[in-house]
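Chain identifiers are assigned alphabetically (A, B, ...) following the order of the sequence lines, protein sequences preceding nucleic acid strands; residue numbering begins at 1 within each chain. Remember, it's a predicted structure, so these values are computed and weren't measured experimentally.
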Amino acid sequence: GAVVSQHPSWVICKSGTSVKIECRSLDFQATTMFWYRQFPKQSLMLMATSNEGSKATYEQGVEKDKFLINHASLTLSTLTVTSAHPEDSSFYICSARDLRLAGASSEQFFGPGTRLTVL
Amino acid sequence: ELKVEQNPLFLSMQEGKNYTIYCNYSTTSDRLYWYRQDPGKSLESLFVLLSNGAVKQEGRLMASLDTKARLSTLHITAAVHDLSATYFCAVDMEKGAQKLVFGQGTRLTINP
């Protein structure tokens with residue numbers, strides 16, 4: 001299957017700083033990327049959907065000014081957690097798909113996740 | 001609002017036994033996914049079920065989908081320790097968009 005990478009795999013930062021997480025599709029072009037967050041021992045919650053070259057669509061309750069998403073190319077999406085606070089500590093997982101491959105039937109591939117700890 | 005519920009949330013079983021995890025969802029959807037997650041890791045895709053009556057099998061795992069009942073099952077046959085993990089089902093919240101709503105997850109522990 002296709003490979004999606006995330007960088008960094010883990011990050012520890014001080015409260016008030018901003019953190020950028022990268023999501024890359026390594027061997028395919030991702031027209032759409034999704035960002036999820038997962039609290040310990042909980043399920044995944046979709047935060048936003050980003051389509052290459054356009055603004056991200058955020059799910060209800062997700063602050064777009066806090067979680068900045070950029071999908072500038074077909075292989076890279078970034079999530080920036082601005083002015084991070086301890087409650088932002090979580091496991092952030094991205095996924096990617098290429099809508100041009102079999103359209104709505106194209107599979108979604110998940111990255112390995114980034115663990116963010118805000119002190 | 002689409003809701004996805006798994007049952008049970010925790011399951012401890014012995015090697016060699018069979019068991020089933022259930023996934024109910026609240027509105028119609030054209031596809032259902034099963035994923036495995038190991039501690040500290042991301043998701044591994046197990047099955048994609050695309051139509052009513054679909055059944056897929058891989059090794060000791062078998063998944064089925066009943067769209068009329070809005071129910072999917074993940075059946076484990078003769079469990080082995082390596083299958084210990086958390087299993088999630090997920091459903092598209094918008095047809096074809098693959099914006100997924102996940103169940104709570106079932107934490108499966110298989111004891112020797």
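- You'll find the side chain of B:L100 reaches within 4.5 Å of the side chain of A:Y36, heavy atoms only.
- Across all non-hydrogen atoms, the minimal contact from B:G40 to A:F91 is O-CZ, 4.0 Å.
- Using a 4.5 Å cut-off between heavy atoms, A:I93 touches chain B through its side chain atoms alone.
- Enclosure of atom NZ in A:K66 by more than 12 non-hydrogen atoms of other residues, nucleotides or ligands within 6.0 angstrom is indicated.
- Using modelled atom types, one finds a donor on one side chain and an acceptor on the other under 3.5 Å when comparing B:Q37 with A:Q38.
- Note: B:F102 CZ to A:M45 CE = 11.0 Å, rounded to the nearest 0.5 Å.
- Side-chain heavy atoms closer than 4.5 Å link hydrophobic residues (I, L, V, M, F, W, Y) into clusters, and following such links, possibly through other members, connects B:V80 to B:I76.
- Between A:Q108 atom CD and B:D92 atom CG the span is 8.5 Å, to the nearest 0.5 Å.
- The hydrophobic clustering, which links ILVMFWY residues whose side-chain heavy atoms are closer than 4.5 Å, places B:F88 and B:F10 apart.
- Dense packing is recorded around CD of A:E87, with more than 12 heavy atoms of other residues, nucleotides or ligands lying under 6.0 Å away.
- Counting heavy-atom neighbours within 6.0 Å of A:H7 NE2, excluding the residue itself, gives a total of 12 or less.
- Contact record, B:S42 with A:G113: CB-N, 4.3 Å, taken as the closest heavy-atom pair.
- No single ILVMFWY cluster, assembled from side-chain heavy atoms under 4.5 Å apart, contains both B:V4 and B:L71.
- B:M13 and B:L46 fall within the same hydrophobic cluster, where Ile, Leu, Val, Met, Phe, Trp and Tyr residues are linked whenever their side-chain heavy atoms come under 4.5 Å apart, directly or through other members.
- Neither the backbone nor the side chain of A:Q6 comes within contact range of chain B, judged by heavy atoms closer than 4.5 Å.
- The closest side-chain heavy-atom distance from B:L43 to A:L44 is below 4.5 Å.
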